[in-house]
Amino acid sequence: KRFEFDFITFKDNKLNDYLKFPLEINFKKWTRAYIRLNELENELGKNNFNYNDVITEREKENLELDKMDFELTGILVHSWVSLQNGHYYSIIKDQEDNKWYKFNDNNITEFNIEKELEKECFGNIDSKKNQSGRGAYLLFYTRKECVKKYKNFENELKINEQIKKNVKEENIQSMKIKTYNL
């Protein structure tokens, strides 16, 4: 949460609290099924109910530890001088080369996630309302299992290497034209 409405002044305030977030996270303990099972275990005891009556097959499958492993793949950052004067840009992980890139209007630069993440995205330690700065506004996590499937799918495709090269070159050329015409 980066904005807050002040009911005393009737103005929006920008929040820049320090918020550290992980590059990888397991969301299992925040699922409805996990919370429900824990509540029942606490209320009835571990052996006093049948799990099959409480959660669906899909929920059981999702509770498998590796199904809930996610990795950070994108960040929307808000940079501001004042609440009325701000700018958004993105930091995105390329799934093919595992490198991070910063997309700031027409500028695309490589982003060193280990060295620059805290300064660029976590906000300020000594947060003050309407303080100028920058911080993550939205985080995008992708299920690791899906990333693996995507990479395996691409490897399984038997596409002619020249066709792949041509498509990639056309995509790059198209992006250059779109970027320069903004």
Side-chain angles (χ1 to χ4, degrees), residues 1-4 14-31 62 64-157 159 161-182:
K1 182 178 175 184
R2 291 294 188 197
F3 297 96
E4 175 180 78
K14 176 70 174 148
L15 303 176
N16 193 30
D17 297 337
Y18 184 84
L19 175 66
K20 186 174 183 176
F21 50 86
L23 295 178
E24 296 182 350
I25 190 168
N26 184 290
F27 283 109
K28 178 181 175 177
K29 62 183 173 184
W30 293 287
T31 63
N62 281 338
E64 293 175 25
L65 202 57
D66 63 336
K67 298 274 186 183
M68 291 288 108
D69 284 336
F70 286 74
E71 67 179 62
L72 185 68
T73 54
I75 307 164
L76 178 63
V77 179
H78 184 240
S79 173
W80 65 94
V81 175
S82 70
L83 190 59
Q84 292 75 30
N85 191 1
H87 177 70
Y88 291 93
Y89 58 91
S90 298
I91 301 169
I92 301 170
K93 182 178 183 182
D94 183 326
Q95 295 300 319
E96 290 182 20
D97 66 10
N98 283 330
K99 291 181 181 177
W100 286 85
Y101 295 92
K102 181 177 175 180
F103 294 80
N104 192 349
D105 293 335
N106 291 340
N107 299 318
I108 301 171
T109 56
E110 198 167 330
F111 184 81
N112 186 324
I113 197 80
E114 287 84 22
K115 291 182 180 176
E116 301 176 66
L117 183 65
E118 181 174 26
K119 178 184 80 156
E120 196 88 17
C121 299
F122 289 173
N124 293 328
I125 295 171
D126 299 320
S127 179
K128 294 182 179 136
K129 292 180 180 177
N130 291 327
Q131 180 179 354
S132 65
R134 59 182 170 241
Y137 188 67
L138 286 175
L139 304 174
F140 297 88
Y141 285 89
T142 303
R143 185 177 278 181
K144 282 184 171 186
E145 181 181 293
C146 294
V147 173
K148 287 178 194 172
K149 283 182 182 177
Y150 165 77
K151 288 180 180 177
N152 290 339
F153 177 74
E154 187 179 346
N155 292 337
E156 289 173 11
L157 288 175
I159 298 176
E161 288 303 313
Q162 186 59 45
I163 293 173
K164 279 177 153 178
K165 183 179 176 186
N166 291 347
V167 168
K168 188 171 186 173
E169 287 173 4
E170 286 176 20
N171 286 342
I172 290 169
Q173 190 62 32
S174 176
M175 288 305 295
K176 284 181 181 176
I177 290 169
K178 288 179 183 176
T179 301
Y180 294 123
N181 289 330
L182 290 177

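Annotation: the span from Lys119 atom NZ to Glu116 atom CD amounts to 5.5 Å, rounded to 0.5 Å. With values rounded to the nearest 0.5 angstrom, Leu19 atom CG is found 7.5 Å from Leu139 atom CG. To the nearest 0.5 Å, atom CZ of residue Arg143 and atom CZ of residue Phe27 are 10.5 Å apart. Taken from CD in Glu120 to CZ in Arg134, the straight-line distance is 4.0 Å, to the nearest 0.5 Å. The distance from atom CG of Asp69 to atom CG of Asn26, rounded to the nearest 0.5 Å, is 4.5 Å. Taken to the nearest 0.5 Å, the OH atom of Tyr141 stands 9.5 Å off from the OG1 atom of Thr73.
The minimum heavy-atom distance between Phe111 and Lys102, with the atom names listed, is CB-N, 4.0 Å.
Heavy-atom contacts from other residues, nucleotides or ligands closer than 6.0 Å to OH of Tyr101 number more than 12.
Counting only distance, with no hydrogens or angles, the side chain of Asp105 and the backbone of Asn107 share no donor-acceptor pair below 3.5 Å.
A salt bridge between Glu71 and Lys93 is present, with a side-chain N of the basic residue lying under 4.0 Å from a carboxylate O of the acidic one.
For the side-chain contact (heavy atoms from CB on, under 4.5 Å) test with Trp100, the passing option among Leu72, Leu117, Asp94 is Leu72; the others fail.
Side chains of Gln162 and Asn166: a donor on one and an acceptor on the other come within 3.5 Å.
Using cut-offs of 30° and 60° on the angle between ring planes, the pair Phe122 and Tyr18 is perpendicular.
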